[in-house]
Participant: 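Would you mind keeping the following structure in view while I ask a few things?
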Amino acid sequence: MSVQAYAVRDEQRPPDNLLLQVVQRGLRSQPKRLPSWLFYDERGSALFEQICEQPEYYLTRAEIALLNQHAGEIAELLGPDVRMVEYGSGHAIKTRLLLEHLVTPVAWVPIELSPEPLRHSMERMAGYFPQLPIQPLAVDFTRPLRLPVPPRAPRRTVVYFPGSTIGNFEERDAAQLLRKMRSEMGDNGGILVGADLKKDRATIEAAYNDRAGVTAQFTLNMLTRLNRELGCNFDLGAFRHRAHYNAMAGRIETHILSDREQRVRVGRLQVLFREEEAMLVEYSCKYSLQDFAALAATAGLAVRQVWFDPERKFSLQYLTRAA
């Protein structure tokens, strides 16, 4: 495996005191809210992989269908000697479909919050591409990155952001993240980003409320993590998952609801939850093509090319610097 000497360190977990501050601040706010990155401990990452396999969760199937149909065309547009910097690489199934078509890629730089999925994806990718230099980073991609020095000079750096993760950010934060990518890609680079498209409410809501209850397990695992890492005493049986589509805002809003009035210990803070009180844990924004072009423009970017799956449920968009 051509992996440079970058240790896959568990850098995504902030110190306990900082994590405690983040959680306490979120639980003091009105309405209560917690950041969605808390989902992704080792179990959370595994549960998300299960979500992607649920029949209601169309997003992964649509994106893979898109890549199966268009990966060659995408690779032709990107050209040879690309360094691919991937945000949230996960198990890198989609990445493999792209790399199979790239001509003489310079390096793959997978950036993943959870070290274990990162290790596993590196091992798999090394099996498929034994000559490909792999430069892993186990860090939070929303923070300033110090990218590893590539083994040779790339013609183009492409920041690849698969899935629909851009939709988990509010508009201001999404624009800020795109501006960060714009800086990292350099003058001749580009951004290849997945964006889920607006469609009927029933299809969207079913994707986040699967019948098997895997998404509910994934959501509530956040509380399990806080109990384990911060010594909280969330009663897991007294909270439930809710995800609904806010058509006006164009987004799924995921909450954890309290089934009864209760108090939860978070450090020295005692947090009161009212019966049916909702704690916001994630947005999942859906876009029209006009919506996404406008978002890109606020970050100084222009949409150069858009690809769709056969049912036009999902898009992959290539962004470059605006003229």
Participant: State plainly whether one hydrophobic cluster holds both L280 and V22, where clusters connect Ile, Leu, Val, Met, Phe, Trp and Tyr through side-chain heavy atoms under 4.5 angstrom apart.
Facilitator: no
Participant: How about V106 and R155: do any of their side-chain heavy atoms sit closer than 4.5 Å?
Facilitator: no
Participant: Step by step, would you call R240 with E276 a salt bridge (charged side-chain N to carboxylate O under 4.0 Å, His left out)?
Facilitator: CA-CA 10 Å; R240 69 183 189 276; E276 293 298 304; 2.7 Å; yes
Participant: Applying side-chain contact (heavy atoms from CB on, under 4.5 Å), can you list everything that pairs with E100, at least two apart in sequence or on another chain?
Facilitator: R96, L97, F129
Participant: Examine the side chains of Y245 and K286 and answer whether a donor and an acceptor come within less than 3.5 Å of each other.
Facilitator: no
Participant: Has the side chain of D41 got a donor or acceptor atom that lies under 3.5 Å from a matching backbone atom of G44?
Facilitator: yes
Participant: Using the benzene-type ring in the case of Trp, are the ring centres of F234 and F239 under 6.0 Å apart?
Facilitator: yes
Participant: Judged by modelled atom types alone, do Q317 and Y287 share a side-chain donor-acceptor pair under 3.5 Å?
Facilitator: no
Participant: What distance separates M125 CE from I93 CD1, expressed to the nearest 0.5 Å?
Facilitator: 10.5 Å
Participant: Taking only residues two or more places apart in sequence, or in another chain, which ones meet H244 in a side-chain contact (heavy atoms from CB on, under 4.5 Å)?
Facilitator: E205, R242, E253, H255
Participant: Apply the side-chain contact (heavy atoms from CB on, under 4.5 Å) test between V23 and each candidate in V271, L269, L34; give the one that qualifies.
Facilitator: L34
Participant: Does NZ or CZ of R251 lie under 6.0 Å from the centre of the six-membered ring of Y283, at an angle within 45° of the ring axis?
Facilitator: yes
Participant: Using the rule that two of Ile, Leu, Val, Met, Phe, Trp, Tyr join whenever any of their side-chain heavy atoms come within less than 4.5 Å, decide whether V266 and W37 are in one cluster.
Facilitator: yes
